[in-house]
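Written out below as structure tokens is the structure these notes cover.
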There are 2 protein chains.
Amino acid sequence: MKLITRDTDYALRAVCFIVKNKKTVSVPELVRELNIPRPFLRKILQVLSRKGIVRSFKGKGGGFTLGLPPEKIYLLDLLRIFQGPLKLNECTLNKKRCPKISNCPLSKKLSGIEKQVLRELKPITIASLIKGMA
Amino acid sequence: MKLITRDTDYALRAVCFIVKNKKTVSVPELVRELNIPRPFLRKILQVLSRKGIVRSFKGKGGGFTLGLPPEKIYLLDLLRIFQGPLKLNECTLNKKRCPKISNCPLSKKLSGIEKQVLRELKPITIASLIKGMA
DNA sequence: GACAAATGATACTATTGTGGTATCATTATG
DNA sequence: CATAATGATACCACAATAGTATCATTTGTC
Ligand code: FES
Ligand code: FES
């Protein structure tokens, strides 16, 4: 089971690379650097652009720059954009038959774990990841 | 993203029910009680049987009993049986291009999270879950 | 203005994992 | 021997993930 899917991961790499370049970065450059399949990367960047994580510039010489400072781009943001909300704990039973979540011991444990995971993910920003690479 | 898939969950419920019955429990009984699709449940129980979690008795009047005391059946066992090893942290890059895992800051963070999750999962047994339901 | 080089929008396809079904063989009890 | 159970195994359906393809639009350069 993966915590982070491919699109999230690619988004992360792309954003990191954009941070390190002061100029706008185009898809061809990113492809060259990260070798991610080009159309897939394009799709990902378009999403990031819509969400304001990056800013896009069309036309010749165009490309992408950051839309936010790297200290304000959280891994959790990317994760939620591409993977939806982090819910480790969804009851497989429909609500009718579920002996009330609040009472279910497994559910309690899983919620606890989910909280822990969130607590650890929360502080991770692009900035912190890049610093870690030094 | 689910931490626990349906088969693991069904297995868990089935095992819990078996614990509470001193006699052998047959698939029809389990279906009645848990309403899990019968052939699916059968498949799950066969796996549990092969793994020694439950013991099976063939023939008329047959069914399943526990193969281990409930304090020795770990949620993690079931999880691993049905979902493979818990690895939250698998690099999307192939080994060639991965800038060595030990150096990758994301990988480090995710490993940390994985360890935490394992630490929380480890102590959970069938016995502890049942006690929690009291 | 025409062309080239970039992104925007959107629809489609392929692969894989999950959640099941179906069938036939085997074993035990009455 | 009939019946009621499990064993083994192969198959199928659906959803999520991963990736492709196409056309429209914008912008810089000659
Ligand atoms: S049975 Fe619904 S949360 Fe446990
Ligand atoms: S790039 Fe391979 S573990 Fe981070």
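Small disclaimer: the values here were computed from a predicted structure and weren't measured. Note on naming: letters A, B, ... go to the chains in the order of the sequence lines (proteins, then strands), and numbering restarts at 1 for each one.
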Checklist outcome for this item: Minimal heavy-atom distance between B/Ile4 and B/Thr8, with the atoms involved, is CG2-CB, 4.0 Å
Short side-chain N/O contact to [N] OP1/OP2 from [X], under 4.0 Å:
X	N	result
B/Lys2	C/dG19	yes
B/Ser56	D/dG7	yes
A/Thr5	D/dA16	no
B/Arg38	C/dT21	no
A/Arg50	C/dA9	yes
B/Arg42	D/dG7	no

Checklist entry - Heavy atoms under 4.0 Å, any strand shown: does B/Pro39 hit a base, just sugar-phosphate, or nothing? => result base
Next on the checklist: Any base atoms under 4.0 Å from B/Tyr10, or only sugar-phosphate, or nothing? Heavy atoms, all strands.
Outcome noted: sugar-phosphate
Item to check | Spacing of A/Arg13 atom CZ and A/Leu41 atom CG [to the nearest 0.5 Å] | outcome: 12.0 Å
Item to check | Heavy-atom donor-acceptor pair, A/Asp77 side chain to A/Tyr74 backbone, under 3.5 Å | outcome: yes
Item to check | B/Pro28 side chain, from C-beta outward: closest of D/dA5, C/dT21, D/dT25 | outcome: D/dA5
Next on the checklist: What I want to check is whether an N or O donor and acceptor connect the side chain of B/Lys43 with the base of C/dG20 at under 3.5 Å.
Outcome noted: yes
